[in-house]
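A short worksheet on the structure shown next.
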Amino acid sequence: MRAPTTPLRPQPDSLWRAIAAPMSTGAPLARDIDVEVAIIGAGYSGLSAAYALQKRGVECTVLDANPIGWGASGRNGGVVSSKFRLSFPTIASTHGIDVAKRMHRLAHDGVRTVEAFVDEFKLERARFEHTGSLRCAHTERALASICAEADWVRTTLNDTSMSVQSRAEVEHETGSKGFVGGVLSADAGTILPLEYVRGIAAGLNARGVPIYEATPVIDMSREQDGRVLLTAPGGTVRAKQVIVATNAYSNLTEATASYHRELVPFRSAMIATAPLSPELDAQLMVNRRSYTETRRMMKWFRNVDGRMLFGGRDAFGKEGEPTGFDALQRAMVALFPQLKDVPVEFRWSGYVGMTFNALPHVGRSDDATTFCLGYNGAGVAMASLIGQHAAALALGEKPELALLAQDGLRPVPFHALRAPGVRLVAAWYQFLDAVGA
Ligand SMILES: Cc1cc2nc3c(=O)[nH]c(=O)nc-3n(C[C@H](O)[C@H](O)[C@H](O)COP(=O)(O)OP(=O)(O)OC[C@H]3O[C@@H](n4cnc5c(N)ncnc54)[C@H](O)[C@@H]3O)c2cc1C
């Protein structure tokens, strides 16, 4: 038996970790095994793939370099949404109405998938609430644009789940005077992300699916019989098929780094205040929905156990660095001056996988390897669904993927320049937001 050499990185010091039930760490892989399908990555994508395989009676195993949910799945804002970064009218104008309908179905299937996991694995601790998501407009022009979209979705796709809110309604709902109106999407909600990912893992474990933590895949090669050989410090896995579900963390080892080149990783940061006074708590986010805004450098917020949770995507620098948190706090106070003297108790960040076409990518990189990644910051529901479709692809099925299907890997051009590129684009977006364009 080989001794694993990789120390387990702790879960980031987030509000989610502070309120989660204690969980013992799983064992690393410490022997050589053979399976039908091996999955790399124990976030929503990888675990959902394992779920779909287990349901079909296909033997599988999940390997993660870190603890379950260590990546974006245990760090995100817990906003469960039924949309893509591209709007449905934009999709229709480029690809036609039929494609827009199929994409719309996939988006809502994502929310149904979260509900199904919560029901099947009895994930009460994940506290999924189907309270809807309110998109708050920062200018009249932005409001007109999201109202037109809601109207289009209602008349063209027969979807009545979106409704317009006036300035006064948004102010009452959020407690902020910073918005001119908004659009409520009823088919959305909130969840505790770390409890959700851990709950799925526990449910899979109970059904006999092994999940090895502290098990980085450091090499991936093909055997003469066509099988894939995955090498980790403590052992190897021989598999007929592999699913790579490493997303924005794919560069943790060279073995999965080629999947990282599909993405432009954007650092996304979150802060959580100390518990609010009962008066403030009753005033802010009264319907306990998730809230997003229309600025290009979007902020989002929600109430968790009487704390304001506030997130944004303009945290530059590397993960673990303090950059970005002060700016996020200033942005929060600009929208909610009531929070000026409320201390921030938790700060953490993670990487979001952005893609060039603003859509997730699912496909096969060769005849034995399937990948799914690039949820563009909206992966709680989508990764829960797409991981299952990746499993179906790996088994040779043809799941409905509409525009998400991708034939082989297509690395982002000039990937090595991504960090300065991201800063440049973000600075331009911040300028446009500042001038209200
Ligand atoms: C701060 C933040 C806020 C967000 N907010 C929201 C939100 O509110 N709503 C929403 O819908 N989405 C949100 N997202 C996006 C969402 O969290 C992701 O889309 C989703 O979690 C992706 O899941 P995943 O399983 O694909 O990847 P991840 O959860 O990142 O999992 C990848 C896993 O792969 C492992 N790994 C990588 N390389 C290797 C290797 N070589 N060997 C073994 N293991 C490896 C990593 O350790 C990691 O655990 C947010 C993301 C961030 C970072």
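Atoms within each ligand, like the ligands themselves, are counted from 1 in listed order.
- Residue L252 approaches ligand 1 through these ligand atoms, each under 4.0 Å from one of its heavy atoms: 36 (N), 37 (C), 38 (N), 46 (C), 47 (O).
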Distance-only criterion, 3.5 Å: show the donor-acceptor pairs between side-chain atoms of residues 387-398 and protein atoms not counting sequence neighbours.
unit_1	atom_1	unit_2	atom_2	d
Q388	NE2	S384	O	3.3
E397	OE1	R56	NH2	2.9
E397	OE2	R56	NE	3.0

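- Among protein heavy atoms, atom 49 (O) of ligand 1 sits closest to D64 OD2, 2.7 Å.
- Close contacts of ligand 1 with Y249, meaning ligand atoms under 4.0 Å from a residue heavy atom, involve 30 (O), 37 (C), 38 (N).
- A side chain to side chain contact (heavy atoms under 4.5 Å, CB included) with V80 is found for one member of T113, V380, T131 and no other, namely V380.
- Proximity of a side-chain donor or acceptor of D64 to a complementary backbone N or O of I211 within less than 3.5 Å is not detected.
- Under 4.0 Å from ligand 1, the heavy atoms of T256 that appear belong solely to its side chain.
- In terms of protein heavy-atom proximity, atom 44 (N) of ligand 1 is closest to A65 N, 3.0 Å.
- Geometrically, R75 engages W70 in a cation-pi contact, judged by NZ or CZ lying under 6.0 Å from the ring centre and within 45° of the ring axis.
- With a heavy-atom cut-off of 4.0 Å, Y375 touches ligand 1 through its side chain alone.
- In this structure, R105 forms no cation-pi arrangement with F88, as its terminal cationic atom is not both closer than 6.0 Å to the ring centre and no more than 45° off the ring axis.
- Which parts of ligand 1 touch W300 is read off a 4.0 Å heavy-atom cut-off, strictly below it: atoms 3 (C).
- The protein non-hydrogen atom at the shortest distance from atom 19 (O) of ligand 1 is G379 CA, 3.2 Å.
- For E254, the CD atom sits in a loose shell: 12 or fewer heavy atoms of surrounding residues, nucleotides or ligands are nearer than 6.0 Å.
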